[in-house]
Amino acid sequence: MDRRYDFKAIEAKWQNIWEENSYFKVYEDKTKPKYYNLEMFPYPSGHLHMGHVRNYAIGDVVARFKSMNGYNVLHPMGWDAFGLPAENAAIQNKVHPARWTYGNIENMERQLKGMGISYDWDRELATCKPDYYKFTQWMFLKLFENNLAYKKKSAVNWCPSCQTVLANEQVVEGCCERCESEVDKKQLEQWFFKTTAYAQRLLDDLEKLPGWPEKVKTMQRNWIGRSEGCQFSLEIEGSEETLSVYTTRPDTVFGVTYMVLAPEHPLVEKLVAGKAQEAKIQAFVKKMKSTSDIARTATDAEKEGIFTGAYAINPMNGEKVPIWIANYVLMDYGTGAIMAVPAHDQRDFEFARKYDIPIRVVIKSPDSPAKGEEMLEAYAGDGVMVNSVEFDGITVEEGQKRIIAYMEEHKIGQGTINYRLRDWLISRQRYWGAPIPIVYCPDCGIVPVPEKDLPVLLPEDIDFKPYGESPLNQLESFYKTTCPNCGKEARREADTMDTFVCSSWYFDRFCSPHESDIPFSWEAVDYWMPVDQYIGGVEHAILHLMYARFFTKFLYDINMLSCEEPFTNLLTQGMVLKEGAKMSKSKGNVVSPEDIIGTYGADTARLFILFASPPERDLEWSDQGVEGSYRFLNRVWRMVNEYADIIKEVNIPDNFAQLDADACKLRFKTHASIKKVSEDIEERFNFNTAISAIMELSNALNSYSDNEEQDLPVVKEAINALLLLLSPFSPHICEELWQLCGNEEAICLQKWPTYDPDALIQDEIEIVVQISGKVRDRITVATGLAEEELKQIALASPKIQQLIQDKTIVKTIVVPGKLVNIVAR
RNA sequence: GCGGAUGUGGCGGAAUUGGCAGACGCACCAGACUUAGGAUCUGGCGAGUAACAUCGUGGAGGUUCGAGUCCUCUCAUCCGCACCA
């Protein structure tokens, strides 16, 4: 009678049934509440890794749970398919990136389907397909139309290994985020999206995201880096030029003893022209420009500078202060020039000490010396202004406002807000990406490709080896075109777009993926968006998650979307580790999902990965742990098989009348488990504790099965609950067992069980009796006793009697339903 | 340096509101069944003790009848940011 747990056959069978019956296909259905559940779509590297398995297993529990709870669940999957790795792999393996990518997609799709995730596969998309990137280009055009896409020449990050420029966000500690090569600075003309135009909204709306981890919001806040201060101009002695600076400490303006320009500052050349030290300064500037950013911005980097020979006039007191050039001032923040107040800024302090520049205290505080010479470090704290003429005695905070007001009144400067966030550089000098839909006409200049001419197709027949500019520049059939305006011969933009552009709107496309004239329909996004639950790795905390937010706000502004934030709730899952380290080929500690699924089945793999750790935390892979999960599923398999035929015809009554103690206990466990599992999934995503509760129910059922007299309706109720509760985690085995128990309709279509509060009422409970906080006895009492009664019963316990006989009771604390604490001396 | 998170048995991890520390699982030990066991079942499993007492949530203090949980200080690990004026 024991049927073997043949997971291979079972999993294949149910994956087919789900697909054939389109159980996970969804439409906009206004009669049901919608739930858009999304996992970050993968880059098609060719093989799933354990991080993917974890990501999609988590997502599938949420999707199946919500669906069983009556939600209309959108759960799509697609491919982030453009990008450098495809191109690099293609070069290495001498296959075309397209072929390589589509081959990978095919394989990963097969693997993903083998996991049994409840995707609506009809919505599958790949960003490298013309029917998708047509609209990535459309997005570009819309941004261009709204003056949010522009071209400018500036110093940009250049990765010599990837042979392309990178956005700021893609440079980590001066190195390429992808290949870790050191990034150079190059002066290039490139396309940017004006993310800075949305800086304030991107910052403010973080407040509207209570469902996001604080950590991610903090990272975004830091990245946006808002600061309040003021910008003002200084005259330069003997020159027509003025110098503009930005400071967050206008209250210290009377403490300025020198000014600093960034080496790249345009004024440098004009100031030093014809001066005696011109050559020396030019040499210094050249040296600074050639120093890499990492070396220049490292914390312990020595401050270096040189005096220009020029002087600026402090507009507040008419003082003449020397203008220096120094490595510690960056061209691309603020105005690229600062007022230096060595007494109250550590960097200026260090510089002033090194070059013997005076240090003047203008903020008085008991925490710091009153004389510059006596200071050991700059004082940046609170205090009152001194040496500041009419502003003396004013606090730091008040002083900032008053100085700004004064400057505005006297037309010296004005209050300004500055952001660390830069515009998003989206040009890439590589082949495998969406072409930027722009044409350069000798007469009309920069001309956008008309919408009707989209997509600008990425040609396939091309030598795509990188050589420092886009390979498309070599292909005449691509770049040679006519101006959409005047019809004259013109040249296409050959750069492609950063892949993060493609992934900034894919969640919108999933809502109506088959539209061919518009990126997505209003009805669809209005119904589905925003994503209710987004799940993925924390490595996208800034990059993808900020770009996607930027796109969403833009699309909202042009009335394409009705929401301003794309992701209501965000879950950032932890990494999968082996032997305490991230799985990687170089460490040789990679566990292949395909092997695990082949040996134990997808149900086991999913169960283990969800059981081993709560989702946000890192997960330590354990082969033995997998065995354990496999054993558990086998136990469930055997037990339910034993009962399957017996309980087939049993009816579960609406009211359980007379139950013996053991049956009552099992019923209690059944309903307590329903309650716990529901709450663990719904409220806290604590799948690990949900699974342990299911295991407890299984254990209780197992113990009960030893009873000679068994109450079958109670057993059936318990088995039903067990299978329903387990089904989001390990769906295939639950479907099979559900069917074996005589149920005709698939388990994934069932309603999630609800608990019966009556079953949770117990006649008796155990109460802990403490003496002075230490547990001394446990007593079983009827539920619902009054405090006084409880106290008397506790005191009457023989054990307690004995222990307190020569003591005086000082007081007694009663916590109804839990404990009695007798404080005795 | 700044900001954040974490620290609990041999291991992964529970403890939801200040109320029985160690749920559940792994590993391990013993037993049953068995020709056999790396299957399955039963039992044990923080330290300590003959048994109790007792000790025990990184460490030191504190609040409380009672602290893994609250407060102060401190250590360690991990992550993020880091000349942003």
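Each chain gets a letter, A, B and so on, in the order its sequence line appears, and its residues count up from 1.
- Look at CG on A:L697: it is 18 Å from P on B:rA23, rounded to the nearest Å.
- Using P as the reference atom, B:rG13 and B:rA23 are 15 Å apart when rounded to the nearest Å.
- Aromatic rings from A:F687 and A:F685 are positioned such that their centres are separated by under 6.0 Å.
- The stretch residues 690-703 of chain A participates, sequence neighbours left out, in these salt bridge (charged side-chain N to carboxylate O under 4.0 Å, His left out) pairs: A:K669-A:E696.
- Using a 4.0 Å heavy-atom criterion, one finds that A:T812 contacts no nucleic acid atom at all.
- Within a 6.0 Å radius of CD in A:E397, no more than 12 heavy atoms belonging to other residues, nucleotides or ligands are found.
- Using a 4.0 Å heavy-atom criterion, one finds that A:D618 contacts the sugar-phosphate atoms exclusively.
- Within the 4.0 angstrom heavy-atom criterion, only backbone atoms of the sugar-phosphate kind lie near A:G628; the bases stay farther away.
- The listed nucleotides are B:rG13, B:rA15, B:rC24; the one nearest the side chain of A:R684 is B:rA15.
- Under the Watson-Crick and G-U wobble criteria, each requiring two contacts below 3.5 Å, nucleotide B:rG61 is paired to B:rC71.
- With rounding to whole Å, A:Y5 atom OH is found 16 Å from B:rA39 atom C1'.
- In this model, the phosphate group of B:rA85 is approached by a side-chain N or O of A:S227 to a distance below 4.0 Å at OP1 or OP2.
- B:rC55 and B:rG43 have their P atoms separated by 32 Å, given to the nearest Å.
- A close approach under 4.0 Å does occur between a side-chain nitrogen or oxygen of A:S613 and OP1 or OP2 of B:rG13.
- Using a 4.0 Å heavy-atom criterion, one finds that A:S622 contacts no nucleic acid atom at all.
- As judged by a 4.0 angstrom heavy-atom cut-off over every strand, A:N699 is placed among residues touching the sugar-phosphate backbone only.
- Residue A:D777 holds its CG atom at 4.0 Å from OG of A:S797, rounded to the nearest 0.5 Å.
- Put simply, CG on A:L425 and CG on A:N157 are 7.5 Å apart, with the number rounded to the nearest 0.5 Å.
- Counting non-hydrogen atoms under 4.0 angstrom, A:K675 reaches nothing in the nucleic acid.
- Checked against B:rU16, B:rG19, B:rA85, the side chain of A:D680 finds its nearest nucleotide in B:rU16.
- Nucleotide B:rC28 forms a Watson-Crick or G-U wobble pair with B:rG44, both donor-acceptor distances falling under 3.5 Å.
- Nucleotide B:rA76 forms a Watson-Crick or G-U wobble pair with B:rU6, both donor-acceptor distances falling under 3.5 Å.
- Within 4.0 Å (heavy atoms only), A:N222 reaches no atom of the nucleic acid at all.
- The CZ atom of A:R776 sits 10 Å away from the C1' atom of B:rU54 (whole-angstrom rounding).
- Nucleic acid contact for A:Q770: base, since at least one base atom lies under 4.0 Å from a heavy atom of the residue.
- Between A:R631 atom CZ and B:rG38 atom P there is a gap of 13 Å when expressed in whole angstrom units.
- Among B:rA27, B:rG13, B:rG19, the nucleotide with an atom closest to any side-chain atom of A:I813 is B:rG19.
- Crowding of A:K354 atom NZ: a count of heavy atoms from other residues, nucleotides or ligands under 6.0 Å exceeding 12.
- Where A:A612 and A:T218 each meet RNA chain B at their nearest nucleotide, the meeting point lying more 5' is that of A:T218.
- For B:rG22, there is no paired base (Watson-Crick or G-U wobble, both distances below 3.5 Å).
- With B:rG12, B:rG19, B:rA85 as the choices, the nucleotide that has an atom nearest any side-chain atom of A:F611 turns out to be B:rG12.
- For A:R420, whose side chain is taken as the heavy atoms from C-beta onward, the closest listed nucleotide among B:rC65, B:rC24, B:rC81 is B:rC81.
- For the OP1/OP2 pair of B:rA85 and a distance below 4.0 Å, the side-chain nitrogens and oxygens of A:Y246 include no atom meeting the criterion.
- Per the geometry, NZ belonging to A:K818 stands 10 Å off C1' belonging to B:rU16, to the nearest Å.
- Base-pair partner of B:rC33: not found among the strands shown (Watson-Crick or G-U wobble, both distances under 3.5 Å).
- B:rG9 takes the syn form, because its glycosidic angle lies no more than 90° either side of 0.
- Put simply, A:R638 has a side-chain N or O that comes within less than 4.0 Å of OP1 or OP2 on B:rC41.
- If you take CD of A:Q624 and P of B:rA39, they are 11 Å apart, rounded to a whole angstrom.
- For B:rA51, there is no paired nucleotide, since no Watson-Crick or G-U wobble pair has both relevant distances below 3.5 Å.
- Once rounded to the nearest 0.5 Å, the distance linking OH of A:Y246 with CD1 of A:I417 reads 8.0 Å.
- Taking the side chain of A:E696 as heavy atoms from C-beta on, and the options B:rA23, B:rG25, B:rU54, the nearest nucleotide is B:rA23.
- Comparing B:rC79, B:rG66, B:rA85 by their closest approach to the side chain of A:K215 singles out B:rC79.
- Residues A:N418 and A:V538 each lie close to RNA chain B; by heavy-atom proximity, the contact nearer the 5' end of the strand is made by A:V538.
- Distance noted for atom C1' between B:rA53 and B:rA5: 40 Å (whole Å).
- Side-chain atoms of A:I338 lie closest to B:rA85 of the nucleotides B:rG12, B:rA85, B:rU16.
- With rounding to whole Å, A:F349 atom CZ is found 17 Å from B:rA85 atom C1'.
- B:rU17 is unpaired under the Watson-Crick or G-U wobble criterion, no partner having all donor-acceptor distances under 3.5 Å.
- A pairwise comparison of heavy atoms in A:K676 and A:A693 identifies CG-CB, 3.8 Å as the closest pair.
- Taking atom CE on A:M575 and atom P on B:rA5, their separation rounds to 18 Å, with Å as the unit.
- When distances are taken from the side chain of A:N686 to each of B:rA15, B:rG12, B:rA23, the shortest belongs to B:rA15.
- When each of B:rG19, B:rG13, B:rA85 is scored by its nearest atom to the side-chain atoms of A:L819, the top-ranked nucleotide is B:rG19.
- Between A:W324 and A:Y355, the angle of the ring planes lies from 30° to 60°, which puts this pair in the tilted group.
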